[in-house]
Amino acid sequence: MGISDQWWRDAIIYGVDVGTFLDSNGDGSGDFAGLTSRLDYLQGLGVNCLWVLPFFPGPDRDNGYDVSDYYGVDRRFGDPGDFVEFLREAGSRGMRVMVDLVVEHTSDQHPWFQAARADPNSRYRDYYVWVDEPPENPDYQPIFPGVEESVWHWDQAAGQYYFHTFYHHQPSLNHANPRVREEVKRIMGFWLQLGVAAFRVDAASHMLEPKGSMDFPGDPHAVLREYRQFAAVREGRVAMMGESDVPPHQVADFFGDGDELNLLMNFLLNNYLFLALARESAEPLRHALQLVPPGSGKGQWANFLRNLDEVDLERLTGAEREEVYRRFAPREEMRVYGRGIRRRLAPMLGGDRKRMEQAFSLLFTLPGAPLLVYGDEIGMGEDLSRPERESVRTVMQWSDDRNAGFSTAEEGALVAPVVTRGQFGYRKVNVADQERNGDSFLRWMQNAIRTRRECPEFGWGTLTLLESTNPAVLAHRVDWNQNGIVVVHNLAAAPAEVSLELEGNGGEWLEDLLRRERLKIPRSGRLSLRMEGYGYRWLRLAGMRSRRANPSAGADRGASRSGSGSRGRSGGGGLSGSGGEAR
Ligand code: MG
């Protein structure tokens, strides 16, 4: 299998919400025409996979994760023609499109549910999970404590209770029912045929949990294998990225034997990453990297700093979570559901440029495919006056024009508010200013992403944690195809001296990929580095390059194409996925 067949292993994924990105027609809601008009911006940023959050028709009581028609585009965002134009324009710029597959549940407005509740003999009744009496001790706790009291909801028309993992207006689908599985495959087939390259499988782990009377025959994971197999037969290069926030010993199960989900959102790493940032210590990250092995041949981790939900810290102990709260969410209103933080990254880090760069440097260099969300590339903030997770879903800040350049509608007609006040208000944080300023965070981000794309080792390589003489310093290396990169992060505010053992590389050169300078590794192999506070360095082992130039060692074509560190060569190569490579 060629490298581009597993494009997802090395993708730079950008999560975008159509409704809050750009409004092209002045009706107050972002739309596909608006998103399409900003594809050049996204191409300039360097991302190559666009995860488009749900845009399907539905009541929109959960940011689109309540679907009433899986085959449509909600009117607010345009029509299916606009979607297809978007898909085509993205593809022509080398960007693949990932859509949400939201099938753990439907909206209660979906015709299946309406038919199911109206008639116990309907063929749709068993699409859902019903009981006469909820169990006294349900295995399940509601996902949104304080908002929902139970996972069972009484339905007057049905005369029974139905199961819902999430909000009561989102009845869970019964994936033990083969008819439901056929429906899911029809939905996947539809979007694949249009040309989407990937699905983000919403609530993948919850789909497989037992719910009351619903019982899977055999292994629940067979359901995900069935969906993956269907998708892979239709389109061999499909990627399925799963949301499965489960304990460490279960999480790798979702890769299956390489026949289940290709990408898993790395919630575990995210928990410990925030603990490491809060503590200014490398130890939590070392722990996390040992707890969950790199994706190996079976799949890949999708690493992220923030997504468009809360920072979910439920994998930490209570005391650890308190540490993160104290540092990054000191006020109660910044927390949610008793487990997380409803803030964006930049304000959590106090808008400190060095800390923001370092956080993204960690994201880009830990093994996996990095995932970022719209607005974080310019350091947008949140609006805590909004309920629950809506706080981080404010509109994209394009300029200091009215409504941050998002829309020409009246302020009251906007789908979500503009952050107007304070350090993160749109007059201070916007794309136009940062495009003009060569030292801006956006410019830094563009450079970091371009450099990351020239380093396939991060997506493909083998991780080694290096012994560091300083507990604040995380040092690791990734090796792939006779190429290696050494990465060093100082998580503390204070400068640090660190000594690294690079056994076997004594006498070789290291090329600093972000500063364009070279370092010599002493013959002993012991390298001493002085790191700035919150500093980070990406150091390519340049000695390997000269070895590879030896014809007797360079038989592997893959090695000669990849990661040479030379901009000229990799810029047009297959690996960096330049224009036109996507389907
Ligand atoms: Mg609009």
Side-chain angles (χ1 to χ4, degrees), residues 14-45 47 50-93 95 97-100 102 107 109 191 194-196 308 373-378 380 382-383 386-387 389-420 425-427 429-432:
Y14 185 86
V16 59
D17 206 336
V18 185
T20 49
F21 202 59
L22 185 72
D23 174 18
S24 71
N25 59 359
D27 67 354
S29 170
D31 41 53
F32 275 110
L35 174 56
T36 305
S37 74
R38 287 295 191 269
L39 284 171
D40 289 327
Y41 164 77
L42 295 174
Q43 186 183 26
L45 181 58
V47 298
L50 304 180
W51 161 30
V52 188
L53 272 76
F55 51 81
F56 316 104
D60 195 28
R61 295 176 69 186
D62 183 17
N63 204 40
Y65 286 93
D66 47 338
V67 179
S68 62
D69 174 8
Y70 289 102
Y71 299 103
V73 172
D74 195 286
R75 277 167 198 273
R76 289 172 299 148
F77 308 133
D79 59 30
D82 294 327
F83 176 78
V84 168
E85 281 304 304
F86 156 70
L87 202 55
R88 179 166 175 79
E89 292 292 328
S92 73
R93 288 167 177 79
M95 289 183 273
V97 173
M98 173 188 286
V99 300
D100 258 276
V102 189
S107 161
Q109 300 305 305
W191 293 102
L194 283 184
V196 310
L308 294 167
V373 291
Y374 81 91
D376 277 3
E377 73 270 30
I378 54 171
M380 271 172 48
E382 70 270 343
D383 180 350
R386 304 267 290 157
R389 293 158 293 157
E390 294 300 315
S391 52
V392 299
R393 299 167 180 167
T394 56
V395 303
M396 183 69 179
Q397 295 170 194
W398 292 106
S399 70
D400 61 4
D401 290 345
R402 199 164 66 93
N403 298 332
F406 161 74
S407 172
T408 57
E410 292 299 317
E411 193 185 324
L414 298 187
V415 66
V418 183
V419 175
T420 53
Y426 72 95
R427 291 180 198 87
V429 174
N430 66 66
V431 171

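Counting starts at 1 for both ligands and their atoms, following the listed order. In what follows, every heavy atom counts, from backbone to side chain, and hydrogens, waters and symmetry copies are set aside. Bear in mind the structure is a predicted one, so any value in this text is a computation, not a measurement.
Under the 30°/60° scheme for interplanar angles, the aromatic rings of Y41 and W398 are found to stand perpendicular.
Contact annotation: S29 places an N, O or S atom under 2.8 Å from the Mg ion (ligand 1). Between the Mg ion (ligand 1) and N25 there is an N/O/S contact shorter than 2.8 Å.
Of all N/O/S atoms in D31, OD2 sits nearest the Mg ion (ligand 1). Nearest N/O/S atom of D27 relative to the Mg ion (ligand 1): this is OD1. The Mg ion (ligand 1) is closest to atom OD1 of D23 (considering only N, O or S atoms).
Here the OH atom belonging to Y374 is positioned 12.0 Å from the CG atom belonging to L22, to the nearest 0.5 angstrom.
The minimum heavy-atom distance linking S29 with D23 is given by the pair O-OD1, 2.9 Å.
Using a 4.0 Å cut-off between a side-chain N of Lys or Arg and a carboxylate O of Asp or Glu, R93 and D40 qualify as a salt bridge.
Taking the six-membered ring for Trp and the full ring otherwise, the centers of Y426 and F406 sit at least 6.0 Å from each other.
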